[in-house]
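Here's the structure, in structure tokens; my notes come after.
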Amino acid sequence: MTEPSDVLVVVVTYNERETLPQLVEAVFNSAPQVDILVVDDNSPDGTGKWCEEYARQNPRMHCLQRPAKLGIGSAVAEGLRWAIDQGYRYVITMDADLSHPPEKIPELLAAIEGSNTTGADVVIGSRYVKGGTIQGWPWYRYLMSWGINSFSRWLLRLPVRDCSGNFRCYRASVLAALNWEEFCSTGYSFFEEILFRLRQEGATFQEIPIRFVGRREGRSKMRLREALSAIAAIIRLALLGACSRLRKKTKPQHPR
């Protein structure tokens, strides 16, 4: 009988049939104690079917099949909420295209477990701290990512270097404190929004360096239109944060 796990790895997929089997094998090799949840957006290449077949053989694999491509942010959010409902203690998110190093999962877990005394609630596998690198990106892709991260840090007052990456370990208890109905991002800006909302709740963050490898199979799903949409969403969040701070400043103080 399989021992219950405290850790869930959430992987969202759309047409990842070529890379998902390699990723799943690498995750279980690096961290055999974890469970994996695949959230698939009805991939026409059979990704979801492969996941269901694998899950019948391995009770540590779970699958959520969604009816259509509804946005990477909404898929990650659904995976995180599923983890909360199932009672996991920690939730790791990562991409399915082999860009994130599964061998770093133990380091993510060690960092968040070791932070029980220091207070970090989210540990980020970061491309933009000392020791972090990006391999295989053209200059314009790197420039776009660097610009969005710099913009997010400045406008949303985020205390991390890598705001847009998806390789993270969350403490499930802080995720449970969020009001998920307030989220407005369903696409790539979700990665900035969840950090923004966690920070509003008082969550703290830590980053560890990783080597990020540009998509090995197929083409990147990030396009200029998605980048512009993310920037617009970040501006909306910044205005929301400014309004919240203004309300706190102008709130009348009642005498005791």
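For the single chain, residues carry numbers from 1 onward in sequence order.
- Residue pairs meeting the salt bridge (charged side-chain N to carboxylate O under 4.0 Å, His left out) criterion with at least one partner in residues 178-187, sequence neighbours excluded, are R81-E181, E182-R197.
- At least one donor-acceptor pair under 3.5 Å links the side chain of N29 to the backbone N or O of E25.
- Residues L108 and Y90 form no side-chain contact, since every pair of their non-hydrogen atoms from C-beta on lies 4.5 Å or further apart.
- The backbone N or O of P209 lies less than 3.5 Å from a partner atom in the side chain of K104, making a donor-acceptor pair.
- Distance check, rounded to the nearest 0.5 Å: CD of Q200 to CZ of F196 gives 4.0 Å.
- Residues V27 and M94 form a side-chain contact, since some pair of their non-hydrogen atoms from C-beta on lies under 4.5 Å apart.
- One N or O on the side chain of R199 and one on the backbone of R157 form a donor-acceptor pair closer than 3.5 Å.
- Side-chain atoms of Q65 come within 3.5 Å of backbone N or O of G48 as a donor-acceptor pair.
- Neither F191 nor V129 shares a network with the other; the hydrophobic side chains, linked directly or stepwise wherever heavy atoms of I, L, V, M, F, W or Y lie under 4.5 Å apart, form separate groups for each.
- In this structure, the side chains of P44 and Y14 come closer than 4.5 Å at one or more pairs of heavy atoms.
- W82 is listed as a side-chain neighbour of L8, based on a closest heavy-atom distance under 4.5 Å.
- For the residue pair S189 and S185, the shortest heavy atom distance occurs at OG-OG, 3.0 Å.
- The environment of R161 atom CZ is sparse: at most 12 non-hydrogen atoms of other residues, nucleotides or ligands sit within 6.0 angstrom.
- Side-chain N or O atoms of T93 include none that pairs as donor or acceptor with a backbone N or O of V10 at under 3.5 Å.
- The backbone N or O of E16 lies less than 3.5 Å from a partner atom in the side chain of T47, making a donor-acceptor pair.
- In this structure the side chain of S152 never reaches within 4.5 angstrom of the side chain of N149, judged on heavy atoms.
- Side-chain atoms of R211 never come within 3.5 Å of backbone atoms of Q135 as a donor-acceptor pair (strictly under, hydrogens ignored).
- Looking at residues two or more places apart in sequence or on another chain, you find a ring pair (Phe, Tyr, Trp, His ring centres under 6.0 Å) between F190 and F183.
- Put simply, the side chain of L109 reaches to within 4.5 Å of the side chain of Q33, judged on heavy atoms.
- Remark: the backbone N or O of A120 is not paired with any side-chain donor or acceptor of Q206 at under 3.5 angstrom.
- The side-chain heavy atoms of L198 and D121, taken from C-beta on, include no pair separated by under 4.5 Å.
- Residues L195 and C163 share a closest heavy-atom pair of CD1-O, 3.7 Å.
- To the nearest 0.5 Å, atoms CD (E107) and CD1 (I105) are separated by 11.5 Å.
- Of the inter-residue distances, the one linking N166 atom CG with Y188 atom OH reads 9.5 Å to the nearest 0.5 angstrom.
- Residues passing the side chain to side chain contact (heavy atoms under 4.5 Å, CB included) test with A177: none are found, sequence neighbours excluded.
- Annotation for E201: atom CD counts as buried by contact number, over 12 foreign heavy atoms lying within 6.0 Å.
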For this session: Apply side-chain contact (heavy atoms from CB on, under 4.5 Å) to the pair L80 and I194, showing each step before the final yes or no.
Result: CA-CA 11 Å; L80 294 176; I194 192 169; 3.6 Å; yes

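- Between the W50 side chain and the D45 main chain, no donor and acceptor come within less than 3.5 Å of each other.
- Note that SG of C51 and CG of L20 are 6.5 Å apart. Values are rounded to the nearest 0.5 Å.
- The two atoms that bring Y128 and S126 nearest to each other are N-OG, 3.1 Å, heavy atoms only.
- When every heavy atom of H62 is checked against every heavy atom of R60, the shortest pair comes out as CD2-O, 3.7 Å.
- Applying the side-chain hydrogen bond (donor to acceptor under 3.5 Å, both in side chains) rule to N42 yields no partners; only residues at least two apart in sequence or on another chain are considered.
- Each ring-ring contact (aromatic ring centres under 6.0 Å, His included) pair with one or both residues in residues 146-179, not counting sequence neighbours, appears once here: H100-F167.
- Each of V12 and L70 belongs to its own hydrophobic cluster when Ile, Leu, Val, Met, Phe, Trp and Tyr are linked at side-chain heavy-atom distances under 4.5 angstrom.
- Side-chain atoms of R17 and S43, non-hydrogen and from C-beta on, never get closer than 4.5 Å to each other.
- Distance CD1/I112 to CZ/R171: 5.0 Å, rounded to 0.5 Å.
- With rounding to the nearest 0.5 angstrom, the CG atom of D97 is 11.5 Å from the OG1 atom of T13.
- Take C169 and apply the disulfide (SG to SG under 2.5 Å) test, not counting sequence neighbours, and it matches no residue.
- S164 and R127 are linked by a side-chain donor-acceptor pair at a separation below 3.5 angstrom, with hydrogens and angles left out of the test.
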For this session: Go through I84 and V91 one step at a time and tell me if the side-chain contact (heavy atoms from CB on, under 4.5 Å) criterion holds.
Result: CA-CA 9 Å; I84 296 167; V91 195; 5.8 Å; no

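- What you find for G79 and V39 is that their closest heavy atoms are CA-CG2, 4.1 Å.
- For the pair G71 and D41, the tightest heavy-atom approach, listed with the atom from each and the gap, is N-OD2, 3.8 Å.
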